[in-house]
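Here is the structure we will look at, set down as structure tokens.
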Amino acid sequence: MEGCQTKLIHRGAEADLLLGRWCGLESIYKSRKPLTYRLKVLDDAVRTRRTAHEALMLREAKRVGVRTPYLYHVDTKGAVIIMEYLKGARLKDRASGMSRAGVSAVFGEVGTMVGTLHSSGIMHGDVTTSNLLETSSGLAMIDFGLSTHTQRIEDHAVDLRLIKETLTGAHPMIADLALDSIFAAYRKVVGGARLKQVKRQLSEIERRGRYARAD
Amino acid sequence: MVDSLIGIESTAHTFSASVVTSSGRILSDVRDVYRAPAGGGIHPIEASSQHMANAPGVLREALLEAGIPIKSIRAVSYSMGPGLGPCLRVGAVAARSLAATLVKRIVPVNHAIGHIELGCLLTRTKDPLVLLVSGGHSMVVAFSGNRWRILGESLDLTLGQLIDQFGRHAGLASPCGTKVEEAASKSAKYIELPYTVKGNDVSYSGILTAAKNLLDRGVAFEDVCFSLQETAFAMIVEVTERALAFTEKKEVMVVGGVAANLRLSEMLKTMVRRHSASFRAVPPRYSGDCGAQIAWAGWLEYNTGNSIAIVDATTRQSWRLDSVDAKWRDARRS
């Protein structure tokens, strides 16, 4: 990958996103740079594990029908993934300026996506509005570094809890509507019985949280 | 005559009273701290008995030390919650008595909001991403849309609980932070512990079990302390970094008892450097529980007209900080 012309387009929490070319295609280089605050042995282990894992899960998610970037190349040792460059806006930047109908529609799509992943036994692990892209061909999901194969209700509820936390924390004005839309669409994919179980587990997780009201 | 307010803190091991002026000058901050026996944690009844015995003295001293006429005190604030029931009740009784005696209004304060707002005052940060780490909280918090919002937190144990419960297993007395930090600084041998980050949240229960097991198997205390700190801190710094990247705040501040840990500060400082943000830690004297946090947050609340009648000055053991309307911040912004 050395010698390749790349341009830094985003500095994320755990990775830099660089725009470059790969086999003539416009591509994203996702590079998990060493995080120097972490002890080196721990840091190397975490970065390698997440890189390998993300590459695998990007493909898995695509297989079950969720729009993700195409995977071009993986370098686990260097902790770099090269993938398709999806042009689009992060939902995080779009969410606040949306009409109510827009919020309903797009978060409905989020619910369908998450439901699809869950019913195929995949937990994304980091569903925030910065990991959802609005592209010309619909909503896409990125950043699978924390995802895992799991059928556990607890894990699926953790996914939904993070969505809820992100919405109430960062988009409080649209949170209620967005959540309702997500749950309605999620229900259509996983079924009412499963939704009920996941929701019950979600409240259980919230109750475990510090100083949550036990109601 | 400078307007001031007296605040009473009594959520857990510390009973403290402090007088703070309307401009944020701390005129006094007197504390009495309950010390748990070796190997044990805070016994709520014993802690509250100690608070009861010492409350009058602490209040008296705080008022005397402030050296201001009683009539300049505008109101009495107290930590309404969250915290240990018996301890909270001592603070509420003290606040009610004092308010009745001085004929002042009472202002209820959320303890966590107190940590954050005093932190902002002392570090001169305006709109920081806050890492609140103590025995009661492990949360990443930022202000958005009239409230302090929780962006990430521990799903089970707090960082303070993890360190204390581990320390107690090794025979130390709570709080164990200083001793664990000291022991950790003598080792550089890392033993892998469960690194559990779930989105923006962390889980510490796995580390606690694994670290206790290591001790039981005879692994050196220093090495386990080192590994525990490195793993647990890296996890919370990682979620703080996630929240920082997400919120794009320009300031990061750490508050709460564990903020006094130098290794944690160092890691946060290193992390923040990667982003274009500044890092501030609350001065150690005010990182842990103290009356000043309740007095200052009490002033902010009082200033926006939030005071209650004596009869309503009760306690709330469970009270999440994101349910408090931070009106003073709205006013400051618009």
Side-chain angles (χ1 to χ4, degrees), chain A residues 10-16 33-43 45-46 49-50 90 92-93 96 123-131 143 145-148 154-155 158-163 165-175 205-215, chain B residues 81-83 112 136-142 144-147 149-156 158 188 190 192-193 195 197-201 226-227 230-231 233-234 237-247 266-276 316-323:
Chain A
H10 181 72
R11 170 152 283 178
E14 61 162 359
D16 288 343
K33 288 274 162 56
L35 295 179
T36 47
Y37 63 79
R38 254 185 331 222
L39 206 64
K40 190 167 183 309
V41 317
L42 175 60
D43 187 54
V46 172
R49 188 164 68 214
R50 289 200 185 148
R90 297 182 301 176
K92 177 194 164 190
D93 304 321
S96 301
M123 168 206 192
H124 181 274
D126 197 13
V127 195
T128 66
T129 44
S130 49
N131 288 335
D143 202 347
L146 295 177
S147 65
T148 173
E154 163 86 12
D155 292 330
V158 165
D159 247 0
L160 290 169
R161 188 196 118 83
L162 181 65
I163 298 176
E165 192 176 57
T166 305
L167 287 171
T168 51
H171 311 285
M173 304 312 161
I174 58 157
I205 295 170
E206 286 176 336
R207 260 201 297 275
R208 260 182 252 152
R210 296 294 288 182
Y211 308 125
R213 308 290 295 177
D215 52 21
Chain B
H137 293 85
S138 284
M139 286 178 171
V140 183
V141 180
S144 153
N146 80 338
R147 286 181 184 189
R149 311 268 174 184
I150 300 164
L151 294 157
E153 64 181 310
S154 171
L155 295 170
D156 38 55
T158 66
Y190 183 72
E192 199 176 335
L193 290 169
Y195 188 93
V197 170
K198 299 184 180 186
N200 292 340
D201 303 316
F226 175 72
S227 308
E230 288 301 320
T231 315
F233 292 173
V237 175
E238 182 183 340
V239 296
T240 309
E241 182 166 26
R242 281 169 174 275
L244 183 59
F246 188 84
T247 58
E266 183 191 311
M267 285 166 96
L268 284 165
K269 215 179 289 168
T270 312
M271 179 277 282
V272 169
R273 212 177 291 140
R274 256 174 51 98
H275 302 263
S276 46
R316 294 176 74 173
Q317 288 185 59
S318 298
W319 187 13
R320 275 167 82 81
L321 66 96
D322 57 358
S323 62

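In what follows, chains are A, B, ... by sequence order, proteins preceding strands, each numbered from 1.
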Side chain, backbone, both or neither: which part of [X] has a heavy atom under 4.5 Å from chain B?
{"X": "A:M123", "value": "neither"}
{"X": "A:H124", "value": "neither"}
{"X": "A:D16", "value": "side chain"}
{"X": "A:S130", "value": "both"}

Check the side chains of B:Y195 and A:R38 for a donor-acceptor pair under 3.5 angstrom, ignoring hydrogens and angles.
->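 Checked: A:R38/B:Y195 side chains pair up, N/O donor to acceptor below 3.5 Å.
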Return the option, out of B:A188, B:G152, B:S323, with the maximum number of heavy-atom pairs under 4.5 Å with chain A.
->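 Heavy-atom pair counts peak at B:G152.
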Tell me, out of B:A243, B:G199, B:A245, who's got the most heavy-atom pairs with chain A below 4.5 Å.
->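 Ranked by heavy-atom pairs under 4.5 Å with chain A, first place is B:G199.
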Do the side chains of B:K198 and A:R161 get nearer than 4.5 Å, heavy atoms only?
->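 They are not in side-chain contact.
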Go through the atoms of [X] and report whether side chain, backbone, both or neither lie under 4.5 Å from a heavy atom of chain A.
{"X": "B:V141", "value": "neither"}
{"X": "B:T158", "value": "side chain"}
{"X": "B:D156", "value": "backbone"}
{"X": "B:L244", "value": "neither"}

Max heavy-atom pair count under 4.5 Å with chain B, selected residue of A:D159, A:D143, A:V127, A:V46 |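 The answer is A:V46.
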Max heavy-atom pair count under 4.5 Å with chain B, selected residue of A:L39, A:T148, A:V41, A:T168 =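 Highest number of pairs under 4.5 Å: A:L39.
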Before accepting this row, confirm whether a basic side-chain N of the pair B:E238/A:R50 lies closer than 4.0 Å to the acidic partner's carboxylate O.
->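 The answer is yes: the pair qualifies as a salt bridge.
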Going from CZ on B:R274 to CD on A:E14, what distance comes out if it is rounded to the nearest 0.5 angstrom?
->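 CD of A:E14 is found 9.5 Å from CZ of B:R274.
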Mark yes when over 12 heavy atoms from residues, nucleotides or ligands other than B:E192 sit less than 6.0 Å from its CD; otherwise mark no.
->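 Atom CD in B:E192 is not packed in, count stays at 12 or less.
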Can you spot which of B:E266, B:M267, B:R273 makes a side chain to side chain contact (heavy atoms under 4.5 Å, CB included) with A:Y37?
->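 Only match with A:Y37 under side chain to side chain contact (heavy atoms under 4.5 Å, CB included): B:M267.
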